[in-house]
Amino acid sequence: MKFIKIKTLLAVSLVLMLFASCESFLDVNTDPNRVTDVTLNSLLPTTIEAASAAHYRSAYTTNQITQHLGSYFGYPQILSLSSTWSGIYLKGLNNLDQLIIKAEESNSPHYAGIGKVLSAINVGLLTDNWEAAPYSEAILGSDNFTPKFDSQEQLYASINSLLDAAITDLQKSESIFAPGSDDLAYNGDISKWIKLAYTLKARYAIHLTNKNGTQAASDALSAISNGFTSNGDDFQLMYNSVNKNPWHTSVALANNTGNLTITQGSYFVDLLKGITDEGDPRMAALVDAGDIPNAEVVGITSYDDNAAPNNSDLSETTWHSTESAPIVMVSYAEAKFIEAEAAFISNDKTRAYDAYLEGIAANVSKLEVEAGDFLTHPNVAVGADNLTLSDIMEQKYIALYLNPEAWVDMRRYNYSTDAYTGFVEADPFELGGSFQRVRYPDDEFNRNGDETQANNKDLLVQMWRDQ
């Protein structure tokens, strides 16, 4: 009897083992090493890092179009930001969707609000690079492998809805779980996230001046009054000796070892040189030219093989590319230039001029350079009555060095020399004009071909926003 019981137990055990093995074999989509659930304080730093990475990747290419940068290997023949696209969806919006869901389920509106702000930033990068893109159906996973593309008009509406909802969440007095050190940008200071949301509302309002004119300017002024108030509000991710700044690791170190990549563009350098006879004091922080005087610094002209050779360098010591430098995604200086442009369009010259001066001062202070008499020089302190659009946009252009937002501005003004004095549109391949958009990733033509092809346009065609 005892022997029979043992045999029975062995048989049952074998059946259970076989069943378990079969179940494991059939469960081919389960990764035993993958975490199946994550906490709010694990998701938040991941999504902030993803936003910073997307800004870096986007700026690396688009700042070559704005001529902040130039490549040693020539002007881009086609714009393709596949890693930016995939990063926004996989590491950005997908994780943010989970962050928002978990935050709302746990009655933690502060996390939910931050998630919505970061979602707005990601959607902004999508539409500002590609125009139409999946969003309303993008995070449905296996429920929809071929999401529709939302139009740029729809995406801008989504951005504003996200920011309005974020402000409502962030202004709530109680949140069961609240961010702290996991908030790599503001260390849990919710008031700064609220300011960021309003500053972003101003940014996306000023984007629509070609559509709504003075109403867009008015909307921007209304939002900016609740936005950033100092450099201490800047939305940025700080790096360190362990997690190093990507401009440092991917560009500066490569340039230093002779594996040349990109460096400061000639138009950017010429702007810094030409403001005053002594040049711009920010040159020393932004451009490494050794002991060469400011007046003799030459940036690279990647679209012209016959241009003078450059002596500028994006190095390990330039402000944006030290190992611990931040990636600045939204700055107080940008906010002041938004205000200056919006006030200028609204014919409030005094407010425009005050904001213009404060924007310059903020950027000079951010870079920690000695201004001397630069801020009072007559070429800078031009007076409210003499202020021009190009004064505002050129100073904003300098402040947006290594920020993809600069390309949005240039396209809004269609590369006009009325806004950017002396700017030469690059067309080295005789395509017929300057780039207005980024090409959709090749994978999208395979995965979601009908939708991608339906929204695919020539890279020279202006976006809805800019028409």
Side-chain angles (χ1 to χ4, degrees), residues 44-60 62-63 68 84 87-88 91-92 96 113-115 117-122 124-125 128 163 166 170 179-203 224 227-252 282 285-286 314 318-338 358-359 361-369 396 398-406 408:
L44 181 55
T46 300
T47 56
I48 294 173
E49 289 177 337
S52 178
H55 277 78
Y56 160 71
R57 294 191 190 103
S58 182
Y60 186 101
T62 63
N63 263 215
H68 286 88
T84 306
I88 287 172
K91 297 181 180 179
L96 287 165
I114 291 172
V117 172
L118 290 170
S119 294
I121 289 173
N122 279 276
L125 283 171
D128 289 337
L163 293 172
L170 293 166
S181 60
D182 56 318
D183 175 2
L184 302 180
Y186 293 134
N187 199 37
D189 189 336
I190 297 302
S191 68
K192 292 188 176 182
W193 283 102
I194 294 172
K195 290 180 183 179
L196 172 60
Y198 277 111
T199 302
L200 289 170
K201 283 181 67 68
R203 171 192 276 186
I224 210 68
F228 289 169
T229 56
S230 74
N231 286 339
D233 295 329
D234 287 2
F235 178 58
Q236 60 187 26
L237 177 60
M238 296 296 300
Y239 292 83
N240 53 49
S241 59
V242 177
N243 298 308
K244 297 178 181 180
N245 177 293
W247 292 107
H248 177 82
T249 55
S250 300
V251 179
R282 290 171 287 187
L286 298 172
L314 197 163
T318 46
W319 192 89
H320 292 82
S321 50
T322 63
E323 66 178 18
S324 58
I327 295 287
V328 184
M329 292 171 271
V330 189
S331 68
Y332 174 57
E334 179 194 342
K336 297 312 292 184
F337 289 122
I338 291 171
E358 179 60 18
N363 187 233
V364 169
S365 176
K366 179 81 172 179
L367 299 174
E368 300 178 300
V369 297
K396 186 181 182 186
I398 293 171
L400 288 177
Y401 174 59
L402 303 189
N403 190 312
E405 181 66 14
V408 177

Problem - Value rounded to 0.5 Å, distance of OH in Tyr186 from OG in Ser191 - result: 9.5 Å
Problem - No-hydrogen, no-angle side-chain donor-acceptor test under 3.5 Å, Ser52 and Tyr239 - result: yes
Practice task
Quick one: do Glu358 and Tyr332 satisfy side-chain contact (heavy atoms from CB on, under 4.5 Å)? Show the steps, please.
Solution key: CA-CA 9 Å; Glu358 179 60 18; Tyr332 174 57; 3.0 Å; yes
Handout entry: Side chain proximity check, Thr46 to Lys91, heavy atoms < 4.5 angstrom
Key = no
Problem - side-chain contact (heavy atoms from CB on, under 4.5 Å) evaluation trace for Asp233 with Thr199 - result: CA-CA 10 Å; Asp233 295 329; Thr199 302; over 6 Å; no
Practice task
Evaluate the side-chain proximity of Lys366 to Trp319: yes if any heavy-atom separation is below 4.5 Å, no if none is.
Solution key: yes
Practice task
Return the minimal non-hydrogen interatomic distance between Val369 and Ala285, and the atom names on each side.
Solution key: CG1-CB, 3.7 Å
Exercise for the section: Would you indicate whether the side-chain heavy atoms of Glu334 and Phe228 approach each other to under 4.5 Å? Expected result: no
Exercise for the section: For the residue pair Val251 and Tyr56, establish whether any side-chain heavy-atom pair is separated by less than 4.5 Å. Expected result: yes
Handout entry: Test log, rule side-chain contact (heavy atoms from CB on, under 4.5 Å), inputs Leu237 and Glu49
Key = CA-CA 7 Å; Leu237 177 60; Glu49 289 177 337; 3.9 Å; yes
Handout entry: Backbone N/O of Ala54 and side chain of Ser58: donor-acceptor pair under 3.5 Å
Key = no
Exercise for the section: Using a 4.5 Å cut-off on heavy atoms from C-beta on, say whether the side chain of Ile114 contacts that of Pro179. Expected result: yes
Completion exercise
When every non-hydrogen atom of Arg57 is compared with those of Thr84, the smallest separation belongs to CB-OG1, 3.2 Å
Handout entry: Interatomic distance, Leu196 atom CG to Phe235 atom CZ [nearest 0.5 angstrom]
Key = 6.0 Å
Exercise for the section: With the side chain counted from C-beta on, respond yes when Leu170 and Val117 share a heavy-atom pair under 4.5 Å apart, and no when they do not. Expected result: yes
Handout entry: Nearest-0.5 Å distance that lies between atom CZ in Phe337 and atom CD in Glu405
Key = 13.5 Å
Exercise for the section: Give a yes or no on whether the backbone of Pro45 and the side-chain of Asp182 come within a donor-acceptor separation of less than 3.5 Å. Expected result: no
Fill in the blank from the handout: In short, Ala399 meets Ala333 closest at the heavy-atom pair CB-CB, 4.2 Å
Practice task
Mind telling me whether Trp247 and Tyr60 have parallel, tilted or perpendicular rings, with 30° and 60° as the class edges?
Solution key: parallel
Problem - Any Ile121 side-chain heavy atom under 4.5 Å of His55 side chain - result: yes
Fill in the blank from the handout: Test side-chain contact (heavy atoms from CB on, under 4.5 Å), reference Leu44, set Leu96, Leu184, Leu118, output is Leu118
Practice task
State the OG1-CD1 distance between Thr229 and Ile224, to the nearest 0.5 angstrom.
Solution key: 10.5 Å
Exercise for the section: Can you measure from NZ (Lys195) to OG (Ser230) and round to the nearest 0.5 angstrom? Expected result: 6.0 Å
Problem - Note, Asp183 side chain near Ile48 side chain (heavy atom, < 4.5 Å) - result: yes
Exercise for the section: Check for a donor-acceptor pair, side chain of Asn245 on one end and backbone N or O of Ala325 on the other, with a separation under 3.5 Å. Expected result: yes
Practice task
Working to the nearest 0.5 Å, report the span between CG of Leu367 and CG of Asn363.
Solution key: 4.5 Å
Exercise for the section: Might you work through the side-chain contact (heavy atoms from CB on, under 4.5 Å) test for Ser365 and Asn231, ending with a clear yes or no? Expected result: CA-CA 8 Å; Ser365 176; Asn231 286 339; 3.8 Å; yes
Practice task
Identify the two heavy atoms, one from Pro246 and one from Ile327, that lie closest to each other, and give their separation to 0.1 Å.
Solution key: CG-CD1, 4.1 Å
Fill in the blank from the handout: Taking every heavy atom of Ser241 against every heavy atom of Glu323, the minimum-distance pair comes out as CB-OE2, 3.4 Å
Fill in the blank from the handout: Shortest non-hydrogen pair, Leu125 vs Pro404, comes out as CD2-CG, 4.0 Å
Exercise for the section: Measure from the side-chain N and O atoms of Asn403 to the backbone N and O of Val328, and report whether any donor-acceptor pair falls under 3.5 Å. Expected result: yes
